[in-house]
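Read through the structure below, which is laid out as C-alpha cells, and then see the notes.
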Amino acid sequence: DDGAFEGSDLAFCGMLASPDHRRHIFTYKHVKGRCVVHSGKRRHGALNITAGERASLILWTKSERFRRTSEYAAKIVRGAHGEETDIPDI
C-alpha cells in the first residue's frame, strides 16, 4: 500500500484560552478514507510519524461577520493561556 504509515495520531487538548487548554482529551488514530473535522480553537497536533509517509489536506473556514462581534472578542483573548514553555500532557 503506497499510502501506508504508522504513528501520526492526532492529539486533542482543551480549547484555546481556557484553563484546560493543555490537558489531553482524546487521541484519534487515522483510518484510510476518513476525515477529521474539528474546531480550530481546540488545541491539537499530530504525533510523530514512526514509519512511512503521510499527506494531509487541511482546510480552514471562518466567518468575518462573527469575528466582528463582541461575543467573539470575549471568547478569543490572545495570550490568555500564558507563555508556552512545554509540550501538552500527552
Side-chain angles (χ1 to χ4, degrees):
D1 182 3
D2 291 337
F5 65 90
E6 295 176 21
S8 190
D9 298 341
L10 190 56
F12 290 96
C13 296
M15 298 298 275
L16 295 176
S18 71
D20 69 346
H21 79 281
R22 295 179 63 82
R23 186 173 60 86
H24 178 253
I25 295 172
F26 180 76
T27 299
Y28 175 80
K29 294 195 175 291
H30 293 285
V31 176
K32 187 174 182 176
R34 292 196 177 171
C35 74
V36 178
V37 178
H38 63 87
S39 170
K41 292 177 275 197
R42 179 164 302 283
R43 186 181 178 124
H44 62 284
L47 303 180
N48 291 334
I49 296 174
T50 56
E53 293 183 10
R54 178 181 75 105
S56 295
L57 172 63
I58 301 170
L59 304 171
W60 289 272
T61 63
K62 65 181 181 178
S63 168
E64 290 297 331
R65 191 158 116 189
F66 176 67
R67 288 176 180 232
R68 288 190 296 267
T69 66
S70 57
E71 179 184 2
Y72 176 79
K75 286 184 177 183
I76 306 301
V77 179
R78 305 287 182 222
H81 53 272
E83 181 77 19
E84 296 292 332
T85 58
D86 203 359
I87 62 172
D89 65 346
I90 298 175

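Distance check: Ser18 OG to Lys41 NZ gives 12.0 Å after rounding to the nearest 0.5 Å. Here the straight-line distance linking atom CG of Asn48 with atom OG of Ser8 works out to 8.5 Å at 0.5 Å rounding.
In terms of the ring pair (Phe, Tyr, Trp, His ring centres under 6.0 Å) criterion, residue partners of Tyr28 (sequence neighbours excluded) are, by chain and number, His30. By the side-chain contact (heavy atoms from CB on, under 4.5 Å) test, Lys29 pairs with Asp9, sequence neighbours left out. For Ser56, the side chain to side chain donor-acceptor pair (under 3.5 Å) criterion is met by Arg54, not counting sequence neighbours. Under the rule for a ring pair (Phe, Tyr, Trp, His ring centres under 6.0 Å), the partners of His38 that lie at least two apart in sequence or sit in another chain are Phe12, His44.
Listed by chain and number, the hydrophobic cluster partners of Trp60 are Ile58, where partners are ILVMFWY side chains within reach of under 4.5 Å, directly or through others.
Contact between Thr50 and Gly7 at its shortest, heavy atoms only, is OG1-N, 3.7 Å. Nearest approach of Gly40 to Leu16, heavy atoms of both residues: O-CD1, 4.3 Å.
Hydrophobic clustering of Ile, Leu, Val, Met, Phe, Trp and Tyr side chains at less than 4.5 Å, counting indirect connections, keeps Met15 apart from Phe26.
Applying the salt bridge (Lys or Arg N to Asp or Glu O under 4.0 Å) test to every pair with at least one member in residues 11-21, sequence neighbours left out, gives these pairs: Asp20-Arg23.
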